[in-house]
Amino acid sequence: MNRESTMTRLRVNGQSFPVAADPARRLSDLLREDLGLRGIKVGCDAGDCGACTVLLDGAPVCACLTPMAQAEGHEIRTVEGLRGAALDALQTAFLRHGAAQCGICTPGMLMAATALLSEVPEPTEDQAREALGGVLCRCTGYGRIIAAVCDAGRALAGPRPAAGQAVGAAIERLDGVPKVDGTEVFGADHWPQDALVVRAVRSPHFAARFGFGDLDAWSGARGVQVFTAADLPGENRFGVIPPFADQPALAEREVRLRGEAVAIVVGEAGVMAALDLVDFPVDWEEIEPVMNPDTALGARPVQAGRADNVLIRGRVVQGDAAAGLAGAAHVAEVEARTSFVEHAYIEPEAGVAWLEGDILAIQACTQAPVMDRDGVAKVLGLAPEKVRIIPSAAGGGFGSKLDLSLQPLIGLAALKTGRPCRMVYSRSESMQSTTKRHPAHMRARIGADAQGRICGMEFDGTFDTGAYASWGPTVANRVPVHASGPYRTPNYRAETVAMHTNGPVAGAFRGFGVPQAAVAQEVAYDDLAEALGMDRLAFRRLNALEEGEASVCGQVMRGVGIGACLDALRPRWRAAQADAAEFNAAHSGVKRGIGVASCWYGCGNTALPNPSTVRAGITREGGLRLHQGATDIGQGANTVIAQIFADALGAAVEDIALIGPDTALTPDCGKTSASRQTVVTGKAALLAGQALRAQILARTNRAAEARIGLGPGKVVVTDAQGCAEIALADLPEAGHGYVLMAEETYDPPTVALDGNGQGAPYAVYGYGAHLAEVEVDLALGTVKVARITAAHDLGRVVNPLLARGQIEGGIAQGLGMALMEEYVPGRTENLHDYLIPTTGDMPEVEAIFIEVPDPEGPMGAKGLGEHVLIPTAPAILNAIRDASGVRITHIPALPHRVRAAIREAGR
Ligand code: FES
């Protein structure tokens, strides 16, 4: 069908705009590209995610599914139209409740909620849940969003805490306003006017050899440029762990996964929008793919030059596991399987590259700016200092945006063309080509003595690491350290292997394999409790690690909070048991059950260097700046680290101006992964604050408890003696443009693991336990999670508002992993075949904070980001068993799997 461009007018946010557009053009594209309304986010272009929700005559619609012609003559309202002189009540409620984490779903949520509130000014939670059901959020678990919508009419938040009192205060996120007013700049939201557009040509096959046809003729006929691996000036291998760097930015002669890029096409935006890549001149010769990690050992090596498909093996041994099991009164055996799990952040990968003189600047979504810089430099043959990484806001990451994706591609395009070059992944290429959670096939045997004390455990796990290494070594090494759970396990052997296949690259995803291992261990614990006739919670409490006891690595544990977490669940455990008994007595087709599971998780790298450096300075004019290089992907680093720094300095949070992250402006704060930023960068911020404070107190000769304030050209120090001032104009330059400056590095102390995995792999651990209450339809096999009670030991709760959001969001991802999420390469490469929890799937969540201070953590704090997901799936599986009597060990527990197990059990 020929589509003619027409001139017409659109009414948007109360104004009329002339637009020249194809009448079939997506409204989302027109509003973003032509009118610059980039508060509208595009997550799928298929109406699945709702991020692009706008109002058409007051009714919410997906702008990606709305052709321009359909909007003509109607009033369009976007997030940019919500804000008057000040944020509207709904936007402030989002900030007050912590409803925006990464913020990529927030504009869509706000528009859907605005439509509801115009009809129902004081909605119930059910009404809000229903109204927002078409907008996906991957971060929050929806609870804070629902609360904000129901609370939109209330007064604004109170004042921020006084100087020195930030840690522990539930302050709104410091970077929150752009997330609710639509001005946040995500990877797809910024580009210079003359930017070219980059698209990738990707493999439709899991494994194939390939060759190109006449690229010059093809590109010349279309007015575009094509670049391949032959154009890469550096070493065409990247990876997050340098010794294992094995992934080409553009494949050379052979592809090893579906969606692997073989070439990029670069051209003007108008040309690229109309370009069809279907006739791109590439010939494929398919190779039989290796898809099963269990049989991959004897299969064709996926990686050329390798003897087999073993990437790496991991191992921890303590005592004599076989003897411990031989002497056990009861032994539980579990074989468990988990699936590929997609990160499903709402923001597909996006970014832009340009040249600043001889510096290549890349602004893109990422969790690891310095790693990106070094990886891009290597692939493009540049010195690291010739690459500048400016992280855009990340619309979710959860581990996948630790790996390079489009950065070398847009960097290559910018170097070759000399023009700014931008790229946005489609949803399907994001899902095909980026990393996944490792599928695991695990066997565990755990024994207990007659009194219920664990006396031995064996664990063997095969992890499908896909075509390239990514974080496979980390998973293989971290799982044996954690597979015991936070329990005293005197005789222990845990071994893992990460196997290459032609599946998607499996990398980092919230927990690095520990959530998978917890499924096997916690299911076995229910077996043992049943065999012993013990209460399941009491059984876990009996075996929980205590302060000063040794882990399976022989590390003497300090700040151990698992016992306190389990104790905190006890009141709800009793009440839930009573509720379930009453419910089950009254119902036959649907049964209620409860389950419990625990977690522990070491924060940061496993026995490897892991430093963060924080710089802070005061300008001659009296400005206080914190160079905070940790990427905030929604978890709250920008706020939490500033809170720690503020209290260490003794200043007020609102006096701090945040700088970065940006590799040109901020020191290296490492990557946002492994629950390390609060602990590691937080500790560096604590040290920097203390060092800056010490300088100020020394200059004023004031007491340790003095408060520090800033004024124009001066620092004011106040204590019982009164005020003293430092006139900043009189001070010499102290470095980096500051007159007072401190820069501190913290690297958590660890001890390398020996051949048996003995050592001290982490400086700080966090703990948690979840209690799940579910209802199982015995005829259909469907599972409804009614309630999760989550107790987490944070050591010190730096910000209760943000911590609650982390817990609820982690539970949502754990629930998805338990019940619905299964990425099948080639089949579930979109958000309608790959399902993640919606508002309607989320249970009531009660979060309980436990504070057992860690002696190493900043102000006692521990990490939280990974911990919040680990116990959810096994707690749900144990609740399904309690309800239905069947043990599910293959997740997700899809209805057909649950139903088959029930039928097999004859129930
Ligand atoms: Fe909803 Fe991140 S805050 S997707």
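When a ligand or atom number is given, it counts from 1 through the structure's own listing order. These values consider heavy atoms only, across backbone and side chains, with no hydrogens, waters or symmetry-generated copies.
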Distance-only polar pair, side chains of T183 and D181, donor-acceptor under 3.5 Å
yes
For I346, the ligand 1 atoms with a heavy-atom partner under 4.0 Å come out as 4 (S)
Are any of the side-chain nitrogens in K862 or D793 under 4.0 Å away from the carboxylate oxygens of its partner?
yes
Looking only at non-hydrogen atoms, find the nearest pair between V475 and G507 and report the distance.
CG2-O, 4.2 Å
Let me see the working for Q806 and Q101 under side-chain contact (heavy atoms from CB on, under 4.5 Å), right down to the final yes or no.
CA-CA 9 Å; Q806 283 292 291; Q101 288 189 20; 3.5 Å; yes
To 10°, measure the SG(C102)-atom 2 (Fe) of ligand 1-SG(C139) angle for me.
100°
Between ligand 1 and G103, can you find any atom pair, the residue atom being a heavy atom, that is separated by under 4.0 Å?
yes
Per-atom filter on ligand 1: closer than 4.0 angstrom to a heavy atom of C105 are 1 (Fe), 3 (S), 4 (S)
In terms of heavy-atom contacts, L95 and L801 come closest through O-CD2, 4.1 Å
Numbering as shown, the atoms of ligand 1 that approach C137 to under 4.0 Å (heavy-atom distance)
1 (Fe), 3 (S), 4 (S)
Give the residue, atom name and distance (to 0.1 Å) of the protein heavy atom nearest atom 4 (S) of ligand 1.
R138 N, 3.4 Å
Strictly by modelled atom types, are S675 and Y601 linked by a side-chain donor-acceptor pair under 3.5 Å?
no
Where ligand 1 meets I104 - atom numbers and elements under 4.0 angstrom, heavy-atom basis
4 (S)
